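Structure, as structure tokens:
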Amino acid sequence: MQVAKVIVDVPSRQTNIPFSYLIPDNLSDSVTVGMRVQVPFGRRKITGFVVELSDHSDFDGKLKPIEALIDLTPVINPELMDLAVKMSQTTYSFLISCLQTMLPGGMRTSFAKRITAKSEQVVKENDWLFQGKSSVEINPSTTAESTTKKLLDLNKSDEIVVDYVLKRNSSAIEVLGIKATMTPEQLDKQRGLIRANATSQHKLLNVLSEQNNAKLLQSDLVKSGISASAIKSAIDKGWAKQIKIHQNRNPFMQPVKQTSALKLNVAQQNAVDKVSLSIDERDATRFLLEGVTGSGKTEVYLQSMAHALEQGRTALMLVPEITLTPQIVNRIRSRFGDQVAMLHSAMSNGERFDEWQRINRGKAKVVVGVRSAIFAPIKNLGVIIVDEEHDSSYKQSDNPRYQTREVAKFRADYNHCPVVFGSATPSLESRARAQKGVYQLLSLPKRINDQVLPKVDVVDMRQELKNSGSLLSAPLQEKITEKLSRHEQIILMLNRRGYASFLMCRDCGYVPQCPNCDISLTVHKNSHSLQCHYCGHQEPIPTECPMCHSKRIRNFGYGSEQLEEQVKELFPDARTLRMDVDTTRKKGSHERIIDAFANHEADILLGTQMIAKGLDFPDVTLVGVLNSDSALQFPDFRSSERTFELLTQVAGRAGRADKVGEVVIQTYNPNHYAIKFAKTQDYEGFYQKEMGIRRLGKYPPFYYTIKITGNSKNENTVMTRMVALTSYLKEHLSSKAIVLGPTPKMITRVNNQYYYQIIIKYRFEDQLQSALNRILNDSQKLKDVQLSIDNEPLDFM
DNA sequence: AGCACGCCGACT
DNA sequence: GTCGGCGTGCTC
């Protein structure tokens with residue numbers, strides 16, 4: 001008997017165990033661990049991952065056979081299989097979720113329900129469903145309840161057959177395009193029929209007649225300034241027809257010039273030597289590479305990776321979400337050429353699938369990517385680089401809540417290779433480990449070419465408030481004027497957390513709240529609506545106060561939109577660019593804004609955090625942080641660390657070329673240590689001070705932490721359950737463990753669900769994992785409260 | 001998560 | 001009497 005143990009694609013606690021299936025004879029040679037299979041499960045058909053092959057099963061019932069193979073080669077290799085199991089244990093999440101997150105998005109398969117009528121009569125009677133066809137496909141997750149009921153009836157009366165068809169939503173390599181249907185002569189005549197000022201349509205006519213036989217990509221046309229509506233009207237007017245183009249995807253836009261290794265300074269050379277030695281000796285040393293912006297960390301990464309390749313091994317480099325710009329990728333590709341594969345969230349599903357496939361086939365020797373790239377199926381790793389290791393995007397915020405740094409260590413152990421964690425402002429956890437000798441510390445103390453650090457001014461906004469109340473302090477305004485007159489560029493950053501603009505009645509103080517959540521609604525000017533950032537609720541902006549009917553209901557607080565308005569008022573001649581979630585929502589718009597600013601199409605770039613990181617504009621000589629301390633307002637133990645990090649990062653943006661940069665930090669807490677150390681760019685000073693505070697507060701890195709969140713639509717139910725959990729935990733953990741709570745979350749109600757949390761702080765608790773698993777299992781039965789566990793949460797909020 | 005079975009209220 | 005509400009439990 002040949003049996004495959006399968007983890008089925010049903011994310012629930014009861015199905016979080018392998019199910020046994022018979023391997024039919026025709027598949028007996030092909031089924032391997034790590035492949036996905038199609039199996040019957042109850043009445044349904046679903047996908048699953050083969051996790052083990054065996055000659056027997058412990059299940060007493062009758063085994064069903066595997067129906068089909070989805071993959072011809074394993075998609076999860078043995079290393080990743082081990083990792084998935086370990087990860088599901090440490091993150092308290094389902095094994096199936098871990099396996100799924102390892103695959104590139106778009107490779108997920110799902111089943112569509114196919115409804116087939118048993119007779120012509122049935123088709124006719126149910127035109128709402130069949131619309132003349134004898135068989136239709138239905139997506140189970142988007143089917144309305146009323147439809148489901150009707151289908152059930154039809155099924156009962158034996159009028160239809162329901163089965164399932166596999167839907168593979170990967171690699172849709174088809175993109176929209178158009179092709180001319182008229183000859184150039186005919187197109188010429190069309191010119192007379194459209195308005196002279198319809199520039200977009202004229203342009204399109206030119207392109208159509210010049211490239212009369214070509215298949216034109218819609219995205220290329222839009223890029224060259226032809227509007228989508230012009231394309232649409234071209235199709236309507238019969239100039240061209242819409243076609244689907246099979247595109248050979250290549251995520252790298254242009255070819256890059258080959259570059260070679262740069263000369264290293266003493267500290268850099270030392271770092272490269274240490275890492276190389278560790279690669280040669282195949283030991284899984286963890287390095288912490290600490291060096292300020294401009295100290296040449298990237299060159300150390302590149303030469304370490306080059307060394308791994310020389311030894312016939314491979315390299316994996318991780319960068320934070322927003323830092324993975326074409327600039328960075330090109331720098332890596334210029335060194336390693338076509339052996340580089342890139343995995344980035346801004347790529348399309350299809351592009352990522354292609355890159356993943358190249359890696360899985362062993363065609364790529366270097367992988368560069370964001371968080372999820374840590375699961376790239378690259379074999380024979382020689383070195384792993386985690387750049388900006390403190391960055392919060394390395395922790396996944398939903399299940400499985402893994403920390404990329406920890407996954408990197410697992411893979412390093414498995415491959416016997418070193419990991420290099422690099423940062424100008426390392427996380428306290430990593431820096432403390434370096435202190436204890438768990439990580440090996442490598443320092444790059446000097447900036448390349450002995451560039452001077454920018455000059456940082458701190459402006460006390462409490463004084464400024466008395467004077468004007470403007471967002472921009474007088475000293476900052478002066479500096480902006482000065483830089484503008486010299487045609488130098490400026491970056492203004494607004495830390496938007498908690499500073500979104502809301503509506504308030506000037507007469508009675510009423511602030512519109514979200515009906516589903518405990519939070520005020522945010523004003524969105526461009527869509528002219530009030531929106532809730534937590535549940536997505538939208539409503540129109542009222543013209544009068546619903547409470548007191550006053551007309552004096554106005555914006556309050558500052559968003560980047562308000563900032564832009566104010567800047568335009570104060571500096572009418574300056575050209576501004578805004579970069580925030582609103583202006584970067586569309587794919588590629590992020591790059592477009594960066595390029596535009598780099599090309600001096602604007603004098604002032606303003607926006608939120610995302611402009612702080614990784615960008616390199618040599619002509620920026622002034623950076624202003626308008627509300628540097630808004631993070632400090634948050635009651636969270638990491639708020640100082642975040643503030644310091646952010647300010648240090650932004651300061652690094654100013655004056656990287658020959659010009660000395662200036663930084664203006666506006667704050668209401670000029671005496672806060674995070675601000676003071678940021679002013680002098682003194683990471684080590686900050687580290688010492690912050691460690692003292694963490695020790696006193698029994699926070700990480702002195703204690704490990706776990707956050708348990710519970711939610712329910714009834715506030716009392718969650719509260720009682722969480723109180724019970726707290727006493728259970730106190731009973732089952734040692735007296736040294738600290739169990740805090742339960743406390744309502746800062747925003748207690750979201751989407752009409754009430755959220756409460758418990759924090760556990762501990763050092764050594766061997767009973768913890770089993771206690772938490774028991775809690776999760778029990779909560780399966782009592783499903784009035786939803787529980788989720790976050791191991792080493794980023795915040796306690 | 002689905003999907004079915006099963007046990008109690010308001011209706012042709 | 002039955003249709004249908006959703007609580008409970010299983011899926012190899």
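Note on naming: letters A, B, ... go to the chains in the order of the sequence lines (proteins, then strands), and numbering restarts at 1 for each one. Just so you know, these numbers come straight off a predicted model, no measurement behind them.
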Selection residues 766-775 of chain A - residue pairs positive for salt bridge (Lys or Arg N to Asp or Glu O under 4.0 Å), sequence neighbours left out
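Matches after skipping sequence neighbours: none remain.
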Listing request: all ring-ring contact (aromatic ring centres under 6.0 Å, His included) pairs with a residue in residues 708-733 of chain A, at least two apart in sequence or in separate chains.
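Passing the test, one end in residues 708-733 of chain A: A:Tyr728-A:His732.
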Which pairs count as ring-ring contact (aromatic ring centres under 6.0 Å, His included) when at least one residue sits in residues 42-95 of chain A, sequence neighbours excluded?
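Checked against ring-ring contact (aromatic ring centres under 6.0 Å, His included) - neighbours excluded - no pair reaches residues 42-95 of chain A.
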side-chain hydrogen bond (donor to acceptor under 3.5 Å, both in side chains): which pairs involve residues 22-31 of chain A, sequence neighbours left out?
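For residues 22-31 of chain A: none.
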In whole angstroms, how far is the C1' atom of B:dA1 from the CD1 atom of A:Ile7?
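Value for this atom pair: 15 Å.
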Can you check nucleotides 10-12 of chain C for protein contacts, nitrogen or oxygen pairs under 3.5 Å, and list what you find?
unit_1	atom_1	unit_2	atom_2	d
C:dT11	O3'	A:Gly42	N	2.9
C:dC12	OP1	A:Pro40	O	3.1
C:dC12	OP1	A:Gly42	N	3.3
C:dC12	OP2	A:Lys64	NZ	2.5
C:dC12	O3'	A:Ser20	O	3.0
C:dC12	O3'	A:Lys64	N	2.6
C:dC12	O2	A:Ser20	N	2.5

With sequence neighbours excluded, residues passing ring-ring contact (aromatic ring centres under 6.0 Å, His included) with A:Phe375:
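So A:Phe375 forms a ring-ring contact (aromatic ring centres under 6.0 Å, His included) with A:Tyr402.
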